[in-house]
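Nothing here was measured: the structure is a model prediction, and the numbers come from that model.
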Amino acid sequence: MGRDLENTAARLRDAYAGSVIPPLRDALEPNDVDGAYAVQAINTRFWEAAGRRIVGRKVGLTAKAVQQQLGVDQPDFGVLFDDMEVADGGVILAGRLIQPKAEAEVALILGSDLAGPDITRADVEAAVAEVAAAIEIVDSRIADWKITFADTVADNGSSAMFALSETRKPLAGLDLWTCGMALEVNGALVSLGAGCACLGHPLNAAAWLAQTLAARGEPLRAGDIILTGALGPMVPIQPGDSVRATIGGLGTVSFSCGKEGA
């Protein structure tokens, strides 16, 4: 089985060149949590050895409707690497993406470690140094997004890139529960949401992540970025699109997709 997981990890890495692969049914059952995270860990170690640097984590499947769609009762997480970040207002080259979608999120930047057992939401609040508006560009190496829970976890949480707003705010005084979110593509409003759509509160998602990683012996550290999960429906994006998110109290963040051949 170990060799199967290694081969599965290699197939996913190879797919980053732009050729999608079928769902991973030959190696992973749809709800194989341990196997899926093992594949993710294999690729994380591979990429770290190749020089990529971990800068945080992303939380996914924070909406109950999406969990029900995939037949699970928990969120998932993926790894954020330094080369996944695009500057606010920057351009993503078309070759970096396969079948991308965008979603707006609240990002937390930690000022202190979150380690040890029984991490609470209050612990997370105390550890947060800054809050930013974020857009996560999700992508899948699985053909036609026909994913199960195991597919998306193994595929690093169906991650691709992310953008953080240049403006950062302290957590104190922010209302991350009722804050509204508007996502625009080429000036057209395409997605609406609110902070409470993310596991009831973005800090709940961060607490779940901190607890989960601490239990795995991989605690969050000062300086880490946490993408806490979508505040509204994700939307497909195409080469040439300009994408902007506005989140109440946090301001705006944007990026553009390079056109084909760029």
**Report entry** Closest non-hydrogen atom pair between Val91 and Gly258, with its separation
**Finding:** CG1-N, 3.8 Å

**Report entry** Rounded distance [0.5 Å steps], CG in Asp139 versus CD in Gln99
**Finding:** 6.0 Å

**Report entry** Shortest non-hydrogen contact between Thr62 and Ala230, atoms and distance
**Finding:** OG1-N, 3.8 Å

Query - Exercise: do Asp151 and Thr148 side chains pair donor with acceptor under 3.5 Å - result: yes

Query raised in the report: So, Arg52 and Asp83, do they make that salt bridge, N to O below 4.0 Å?
Result: yes

**Report entry** Test item: Glu184 and Val243 side chains (from C-beta on) under 4.5 Å apart, heavy atoms
**Finding:** no

Query - Whether Asp224 side chain and Arg221 backbone form a donor-acceptor pair below 3.5 Å - result: yes

Requested in this report: Decide side chain to side chain contact (heavy atoms under 4.5 Å, CB included) for Asp32 and Phe149; before the verdict, give the C-alpha distance in whole Å, the side-chain angles of both, and the deciding distance to 0.1 Å.
Outcome: CA-CA 8 Å; Asp32 185 353; Phe149 180 78; over 6 Å; no

Requested in this report: Would you please test Glu136 and Ser159 for side chain to side chain contact (heavy atoms under 4.5 Å, CB included) and show each step?
Outcome: CA-CA 8 Å; Glu136 184 185 359; Ser159 62; 4.2 Å; yes

Query raised in the report: Within 45° of the ring axis of Tyr16 and under 6.0 Å from its six-membered ring centre, is that where the NZ or CZ of Arg141 lies?
Result: yes

Requested in this report: Ignoring hydrogens and angles, state whether a donor on the side chain of Thr152 or Ser158 is under 3.5 Å from an acceptor on the partner side chain.
Outcome: yes

**Report entry** Taking every non-hydrogen atom, the tightest pair across Gly35 and Leu5
**Finding:** O-CD2, 4.1 Å

Query raised in the report: Got a sec: does the CG of Asp175 have more than 12 other heavy atoms crowding it under 6.0 Å?
Result: yes

Requested in this report: Compare every heavy atom of Leu28 with every heavy atom of Ala154, then report the nearest pair and how far apart it is.
Outcome: CB-CD1, 3.9 Å

**Report entry** Side-chain heavy atoms of Val79 within contact of Arg57, under 4.5 Å
**Finding:** yes

Query raised in the report: Rounded to the nearest 0.5 Å, what separation is found between the CZ atom of Phe255 and the CG atom of Leu164?
Result: 12.5 Å

Report task. Can you establish whether the number of heavy atoms outside Glu29 located under 6.0 Å from its atom CD is more than 12? Result -> no

Query raised in the report: Which heavy atom in Val20 sits nearest to a heavy atom in Ser140, and how many Å separate them?
Result: CG1-O, 4.2 Å

Query raised in the report: Are any of the side-chain heavy atoms of Ser256 and Ile92 separated by less than 4.5 Å?
Result: no

Query raised in the report: If Ile, Leu, Val, Met, Phe, Trp and Tyr residues are connected whenever their side-chain heavy atoms lie under 4.5 Å apart, and connections chain through other members, are Ile142 and Met234 in the same group?
Result: yes

Query raised in the report: Are Val253 and Val190 connected in a single hydrophobic cluster, I mean Ile/Leu/Val/Met/Phe/Trp/Tyr linked by side-chain heavy atoms less than 4.5 Å apart?
Result: yes

**Report entry** Thr167 vs Leu250 side-chain heavy atoms within contact, under 4.5 Å
**Finding:** no

Query raised in the report: Would Glu85 and Met161 satisfy side chain to side chain contact (heavy atoms under 4.5 Å, CB included), going step by step from the backbone distance to the final call?
Result: CA-CA 6 Å; Glu85 184 171 4; Met161 302 188 74; over 6 Å; no

Query - Main-chain N/O of Gln40 paired with Thr44 side-chain donor or acceptor, under 3.5 Å - result: yes

Report task. Could you tell me whether a side-chain N or O of Asp76 sits under 3.5 Å from a main-chain N or O of Gly60, the two making a donor and an acceptor? Result -> yes

Query raised in the report: Val131, Leu114: one ILVMFWY side-chain cluster at the under-4.5 Å cut-off?
Result: yes

Query raised in the report: Around Trp177, counting heavy atoms of other residues, nucleotides and ligands shown, do more than 12 lie under 6.0 Å from its CH2?
Result: no

Query raised in the report: Say you draw a straight line from CE of Met181 to CG of Leu231; how long is it, rounded to the nearest 0.5 Å?
Result: 5.5 Å

Query raised in the report: Checking Tyr37 side chain against Phe77 main chain: does a donor-acceptor pair fall under 3.5 Å?
Result: yes

Query raised in the report: Mind checking whether Phe81 and Trp47 have parallel, tilted or perpendicular rings, split at 30° and 60°?
Result: perpendicular

**Report entry** Side chains of Asp123 and Thr120, donor plus acceptor under 3.5 Å
**Finding:** yes

**Report entry** Val59-Leu213 co-clustered via ILVMFWY side chain contacts under 4.5 Å
**Finding:** yes

Requested in this report: Mark yes or no for whether Lys146, through its side chain, and Pro23, through its backbone, hold a donor-acceptor pair below 3.5 Å.
Outcome: no

Requested in this report: Hey, could you give me the CD1/CG distance between Ile54 and Leu80, rounded to the nearest 0.5 Å?
Outcome: 9.5 Å

Query raised in the report: If we only count heavy atoms from C-beta on, is the Val138 to Glu103 side-chain gap below 4.5 Å?
Result: yes

Query - Flag, side chain of Asp82 to backbone of Arg53, donor-acceptor distance under 3.5 Å - result: yes

Query raised in the report: Does Arg11 come within less than 4.0 Å of Asp26, counting only side-chain N to carboxylate O?
Result: yes

Query raised in the report: Between the main-chain N or O of Ala206 and the side-chain N or O of Thr228, is there a donor-acceptor pair closer than 3.5 Å?
Result: no

Query raised in the report: Would you find a donor on one side and an acceptor on the other, under 3.5 Å apart, between the side chain of Asp113 and the backbone of Ala222?
Result: yes

Query raised in the report: Asn156 side chain to Gly78 main-chain N or O, any donor-acceptor pair under 3.5 Å?
Result: no

Query raised in the report: Applying the 4.5 Å side-chain criterion to the ILVMFWY set and letting contacts propagate, would Leu108 and Phe162 be lumped into a single cluster?
Result: no

Query - Carboxylate-amine/guanidinium proximity below 4.0 Å for Lys58 and Glu105 - result: no

Report summary line: Tightest non-hydrogen contact, residues Pro170 and Leu174, listed as O-CD1, 3.3 Å

Report summary line: CG (Leu176) and CD1 (Ile247) are apart, to the nearest 0.5 Å, by 9.0 Å

Query raised in the report: If only atom types and distance count, is the side chain of Ser165 paired as donor or acceptor with the main-chain N or O of Ala133 below 3.5 Å?
Result: yes

Report task. State, with a plain yes or no, whether a side-chain heavy atom of Val185 is found less than 4.5 Å away from one of Val235. Result -> yes

Query - Spatial distance of atom CE (Met84) from atom CD1 (Ile225) [nearest 0.5 Å] - result: 10.0 Å

Requested in this report: Quick one: do Arg96 and Ile137 satisfy side chain to side chain contact (heavy atoms under 4.5 Å, CB included)? Show the steps, please.
Outcome: CA-CA 11 Å; Arg96 292 289 303 269; Ile137 302 93; over 6 Å; no

